[in-house]
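Everything numeric here is computed off the predicted structure, so don't read it as measured data.
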Amino acid sequence: MVGFQVRLKCAGLFFLVLLLSGLTFSHIALADDANVTWAQLNDDQRKVLSPLASEWDTLRPWQREKMLDIARDYPKMNPGKQELVQKRLTNWSRMTPYERENARKRHQQFQSLPADKKIELRKKWLEYQQLPESERARLRAESPDAYMDADLN
């Protein structure tokens with residue numbers, strides 16, 4: 001009985017080591033994926049991420065990882081979502097580092113709002129998007145700070 005318990009503990013320890021090794025190696029694989037150069041991307045990834053081609057090799061690893069996640073999920077998206085992703089990637093690629101940082105801050109501020117406030121803002125955003133371009137232009141001209149980047153989607 002004692003021998004069986006020792007073997008069981010050894011087997012458990014062995015599987016624990018295997019599990020931890022696998023987690024460690026999968027983490028290394030993820031880190032390597034985040035360090036992939038533009039030339040190392042496959043054709044599908046380059047097609048999806050083409051707006052970022054000129055700056056890909058300068059992106060930080062966490063940014064590359066996020067973009068690779070988008071490229072991985074892209075084929076599962078409906079055509080409308082794919083079009084939106086392409087539009088956002090193009091807009092993002094045209095932003096200066098300062099504009100990107102401001103966009104990140106605004107996103108973080110939005111995420112920290114209570115759920116009811118988020119719903120209210122989304123409703124107002126949809127209403128704004130339904131306005132004719134001339135009306136949106138007038139609102140942006142009257143209150144440029146309130147409508148900063150309002151049409152970037």
Side-chain angles (χ1 to χ4, degrees), residues 12 15-153:
F15 287 117
L16 180 62
V17 168
L18 278 179
L19 177 64
L20 291 175
S21 298
L23 290 175
T24 302
F25 291 132
S26 68
H27 180 68
I28 290 169
L30 286 175
D32 287 345
D33 286 349
N35 290 321
V36 68
T37 65
W38 182 257
Q40 293 170 318
L41 295 177
N42 66 41
D43 291 340
D44 292 334
Q45 290 170 320
R46 281 196 298 269
K47 182 179 177 187
V48 172
L49 301 172
S50 62
L52 304 173
S54 65
E55 64 185 293
W56 179 264
D57 293 334
T58 65
L59 294 177
R60 293 180 222 142
W62 66 267
Q63 292 170 313
R64 290 184 193 185
E65 192 172 330
K66 185 172 176 81
M67 295 303 117
L68 289 170
D69 288 345
I70 290 169
R72 182 197 65 229
D73 295 341
Y74 191 83
K76 301 173 207 157
M77 298 175 190
N78 65 48
K81 180 72 171 175
Q82 289 178 345
E83 183 180 338
L84 183 60
V85 165
Q86 286 300 308
K87 185 176 180 180
R88 287 181 176 170
L89 287 174
T90 300
N91 288 337
W92 186 260
S93 71
R94 293 177 180 162
M95 291 175 145
T96 66
Y98 177 77
E99 291 169 324
R100 290 177 184 185
E101 186 59 32
N102 284 336
R104 281 187 203 99
K105 286 178 183 175
R106 286 193 305 274
H107 177 73
Q108 289 169 349
Q109 288 170 343
F110 179 79
Q111 292 302 320
S112 68
L113 293 173
D116 58 331
K117 184 67 174 171
K118 288 181 190 178
I119 292 169
E120 179 186 338
L121 287 172
R122 284 186 181 116
K123 182 180 175 202
K124 287 181 180 182
W125 175 246
L126 290 173
E127 290 171 2
Y128 172 82
Q129 288 181 310
Q130 299 302 316
L131 293 173
E133 175 53 36
S134 58
E135 182 66 12
R136 290 190 297 190
R138 183 186 68 74
L139 288 170
R140 286 192 306 269
E142 288 176 2
S143 305
D145 290 339
Y147 292 94
M148 178 178 26
D149 300 332
D151 289 320
L152 288 181
N153 287 328

Please list, chain by chain and in numerical order, all residues satisfying side chain to side chain contact (heavy atoms under 4.5 Å, CB included) with Gln111, sequence neighbours excluded. His107, Lys118
Under the rule for salt bridge (charged side-chain N to carboxylate O under 4.0 Å, His left out), what residues qualify as partners of Asp69, not counting sequence neighbours? Arg72
Could I get the full list of side chain to side chain donor-acceptor pair (under 3.5 Å) partners for Asp57, not counting sequence neighbours? none
Regarding Lys47 and Asp44, does a basic nitrogen lie under 4.0 Å from an acidic carboxylate oxygen? no
When rounded to the nearest 0.5 Å, the distance separating CD of Gln63 from CZ of Arg100 is 7.5 Å
Heavy-atom pair with the smallest gap, counting every atom of Leu68 and Gln45: CD2-NE2, 3.5 Å
Look up atom CG in Asn102 and atom NZ in Lys105, then write down how far apart they are to the nearest 0.5 Å. 6.0 Å
Set of residues satisfying salt bridge (charged side-chain N to carboxylate O under 4.0 Å, His left out) with respect to Glu142, sequence neighbours excluded: Arg138
In chain order, what residues pass the salt bridge (charged side-chain N to carboxylate O under 4.0 Å, His left out) check against Arg104, with sequence neighbours excluded? Glu101
Shortest non-hydrogen pair, Ala39 vs Arg46, comes out as O-NH1, 3.5 Å
Spacing of Asn35 atom CG and Glu65 atom CD [to the nearest 0.5 Å]: 9.5 Å
Check salt bridge (charged side-chain N to carboxylate O under 4.0 Å, His left out) between Asp116 and all other residues, then give those that pass, not counting sequence neighbours. none
Please, which pairs that meet salt bridge (charged side-chain N to carboxylate O under 4.0 Å, His left out) have at least one residue in residues 76-85, sequence neighbours excluded? Asp73-Lys76
Counterpart residues, side chain to side chain donor-acceptor pair (under 3.5 Å), relative to Ser54 (two or more places apart): none
Considering all heavy atoms, the nearest Val48-Leu89 contact: O-CD1, 3.5 Å
Which heavy atom of Pro51 sits nearest to which heavy atom of Ser93, and what is that distance? O-CB, 3.1 Å
Point-to-point distance, once rounded to the nearest 0.5 Å, from CG of Leu59 to NZ of Lys66: 12.5 Å
Considering non-hydrogen atoms only, spot the tightest contact between Trp56 and Met67 and give its length. CZ3-CB, 3.6 Å
Any donor-acceptor pair under 3.5 Å linking the side chain of Gln82 with the backbone of Tyr74? yes
Report the residues that fulfil side chain to side chain donor-acceptor pair (under 3.5 Å) with Ser134, sequence neighbours left out, ordered by chain and then residue number. none
Stepwise salt bridge (Lys or Arg N to Asp or Glu O under 4.0 Å) check, Glu133 with Arg140: CA-CA 10 Å; Glu133 175 53 36; Arg140 286 192 306 269; 2.8 Å; yes
Tell me the closest heavy-atom pair linking Arg64 and Thr58, and the distance in Å. NH2-N, 4.0 Å
Listed by chain and number, what are the side chain to side chain donor-acceptor pair (under 3.5 Å) partners of Lys123, not counting sequence neighbours? none
Taking side chain to side chain contact (heavy atoms under 4.5 Å, CB included) as the definition, give me every residue that meets it alongside Gln40, ordered by chain and number, with sequence neighbours left out. Val36, Thr37
Contacts of type side chain to side chain contact (heavy atoms under 4.5 Å, CB included), residue Ala53, not counting sequence neighbours: Trp38
